[in-house]
2 protein chains.
Amino acid sequence: MKFSTRGEYGLRAMFDLAQRYGEGPISLKSVAERQDISEYYLEQLIAALRKAGLVKSVRGAQGGYTLARDPSEIKVGDIIRVLEGPIAPMDCVKEEGECCSRAESCVARTIWEKVRDSVSGVLDSITLEDMVIEANKLQQSNSYIYYI
Amino acid sequence: MKFSTRGEYGLRAMFDLAQRYGEGPISLKSVAERQDISEYYLEQLIAALRKAGLVKSVRGAQGGYTLARDPSEIKVGDIIRVLEGPIAPMDCVKEEGECCSRAESCVARTIWEKVRDSVSGVLDSITLEDMVIEANKLQQSNSYIYYI
DNA sequence: CAATATCCGAGTAGATTGCTAAGATATAAA
DNA sequence: TTTATATCTTAGCAATCTACTCGGATATTG
């Protein structure tokens, strides 16, 4: 029951772009360095995010990536679904549809549905803006601790 | 973000034992047949469940497995943790402990913690007894539909 | 002793994960 | 126009995991 590094790295990269939203295109190289992720690997992840319409790219020198929408309009769930596939602890309860044969009479299925909905609920209740605000709070309280 | 067949099959097998709780030892072969699972594979899963103290075994002819406790005292989460490992969408938020270096200042981490807690909450709120009751209800309502 | 089960360890094909690498294409700055 | 900087695209690959399969040892009943 784990997410892979795709979700982890992808979310960190999107968070990085959110922190710099409005500053023009951010190069993937700089994101990769700050977040300590392989640039080559991150290329694949950002390609998926671009195709899904979550980021825009600018090619060429001084190019890079920007969020396609305001950070308040990108949910963590949007990012995870692109990089990890549909949120579902079992194939039989994929959000899109698709059922197994036992379907109706399967008690286990109702459990997986509850798990799915609770995970979706969490991930769709948090936006990139929320994360940026949270990070700023954390940094403030850290400075407070260290400098008084 | 998926459970493997270990969790799926294991839960179905435990549910099968719960439905027959009090009838003496149930052979793995019969469980495997009813639940349409490879017996050899199920052997590995039940071995883990036995070592974790969730089922008891009786060796020899007429032997088999029984739940180690009343179905009302076995949570779905207990089973899943044995077969799938600690409930955690990322390694850094394993229920036991263990952190990454960024720990405190990691905003993503708080998200994974929320996901973990919500999944744990769902799985620990459902017992095998609940599943058996639910299954009986389902069967009743199905007969009602078909035979009136 | 024979039949029936659990126990235990090893092996294995196929898929997935987490990269790495090479080269094509586009753009800004010199 | 050239050069440097980036994105874009595809392919490959070692290590690990998944979902079994198999062989045989051990224990119990009749």
Side-chain angles (χ1 to χ4, degrees), chain A residues 1-13 16-17 20 23-68 80 83-86 89-91, chain B residues 1-13 16-17 20 23-68 80 83-86 89-91:
Chain A
M1 235 309 263
K2 294 220 176 75
F3 290 119
S4 68
T5 56
R6 289 176 63 88
E8 185 191 350
Y9 294 171
L11 179 58
R12 291 226 305 265
D16 195 284
L17 292 182
R20 287 158 187 79
E23 297 178 17
I26 311 292
S27 80
L28 207 58
K29 192 178 180 183
S30 71
V31 174
E33 275 170 10
R34 274 190 300 271
Q35 298 296 328
D36 195 27
I37 301 170
S38 150
E39 188 190 344
Y40 290 127
Y41 189 37
L42 195 51
E43 259 179 17
Q44 294 174 11
L45 309 185
I46 203 92
L49 292 166
R50 185 177 53 82
K51 280 167 193 162
L54 294 182
V55 298
K56 285 181 197 163
S57 66
V58 179
R59 299 184 70 165
Q62 255 56 41
Y65 295 90
T66 55
L67 297 183
I80 295 297
L83 296 172
E84 300 274 348
M90 292 283 169
D91 282 335
Chain B
M1 234 311 262
K2 294 222 176 75
F3 289 118
S4 69
T5 56
R6 288 177 62 88
E8 185 191 351
Y9 295 172
L11 179 59
R12 292 226 306 265
D16 195 284
L17 292 182
R20 286 159 188 78
E23 297 178 16
I26 310 292
S27 79
L28 206 58
K29 192 178 180 182
S30 72
V31 174
E33 275 170 9
R34 274 190 300 270
Q35 298 296 327
D36 196 26
I37 301 170
S38 150
E39 189 191 344
Y40 291 128
Y41 189 37
L42 195 51
E43 258 179 20
Q44 294 175 11
L45 309 186
I46 202 91
L49 293 166
R50 185 176 54 81
K51 279 166 193 163
L54 294 181
V55 298
K56 284 181 197 162
S57 66
V58 178
R59 298 185 69 164
Q62 254 57 41
Y65 295 90
T66 55
L67 297 183
I80 295 297
L83 295 172
E84 301 275 347
M90 292 284 169
D91 281 335

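All values below come from the heavy atoms of this structure, side chains included, with hydrogens, waters and symmetry mates left out. The structure presented is a predicted model; accordingly, all values stated were derived computationally and were not measured. Numbered from 1 within each chain, the chains take letters A, B, ... in sequence-line order.
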Which whole-number value in Å describes the distance from [X] [atom1] to [N] [atom2]?
X: A:Arg6; N: C:dG18; atom1: CZ; atom2: P; result: 9 Å
X: B:Lys29; N: C:dC7; atom1: NZ; atom2: C1'; result: 17 Å
X: B:Asp36; N: D:dA19; atom1: CG; atom2: P; result: 15 Å
X: B:Ile26; N: C:dT4; atom1: CD1; atom2: P; result: 18 Å
X: B:Leu83; N: D:dC20; atom1: CG; atom2: P; result: 14 Å
X: A:Leu49; N: D:dT7; atom1: CG; atom2: C1'; result: 15 Å
X: B:Asp91; N: D:dC17; atom1: CG; atom2: P; result: 11 Å
X: A:Lys2; N: C:dT16; atom1: NZ; atom2: P; result: 18 Å

**Message:** Testing B:Gln35, B:Arg34, B:Glu33 one by one against B:Ile37 for a side-chain contact (heavy atoms from CB on, under 4.5 Å), which residue passes?
**Reply:**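 Result: among B:Gln35, B:Arg34, B:Glu33, B:Gln35 is the only option passing the side-chain contact (heavy atoms from CB on, under 4.5 Å) with B:Ile37.
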Can you find a side chain N or O atom of [X] that sits less than 4.0 Å from OP1 or OP2 on [N]?
X: B:Ser57; N: C:dC7; answer: yes
X: A:Ser4; N: C:dT17; answer: no
X: B:Thr5; N: D:dA19; answer: yes
X: A:Tyr9; N: C:dC19; answer: yes

[X] vs [Y] side-chain heavy atoms within contact, under 4.5 Å:
X: B:Thr5; Y: B:Tyr41; answer: yes
X: A:Phe3; Y: A:Leu11; answer: no
X: B:Lys2; Y: A:Met90; answer: no
X: A:Ser4; Y: A:Glu84; answer: yes

**Prompt:** Does the B:Glu39 side chain pair with the main chain of B:Leu28, one donor and one acceptor, at a distance under 3.5 Å?
**Reply:**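 Here the side-chain-to-backbone pair does not exist.
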**Message:** Heavy atoms from C-beta onward define the side chain here; which of C:dC19, D:dC8, C:dC7 lies closest to that of A:Arg50?
**Reply:**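 Output: D:dC8.
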**Prompt:** Where is the tightest heavy-atom contact between B:Ala13 and B:Leu42, given as atom of each residue plus distance?
**Reply:**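 Closest approach of B:Ala13 to B:Leu42, heavy atoms only: CB-CD1, 3.9 Å.
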**Request:** Summarise protein proximity over nucleotides 20-30 of chain C in one line of letters, 5' to 3': B for base, S for sugar-phosphate only, - for none, counting protein heavy atoms closer than 4.0 Å.
**Result:** BB---BBBS--
**Asked** Within the structure shown, what part of the strands sits under 4.0 Å from A:Ile46 by heavy-atom distance: base, sugar-phosphate, or nothing?
**Response**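 No contact.
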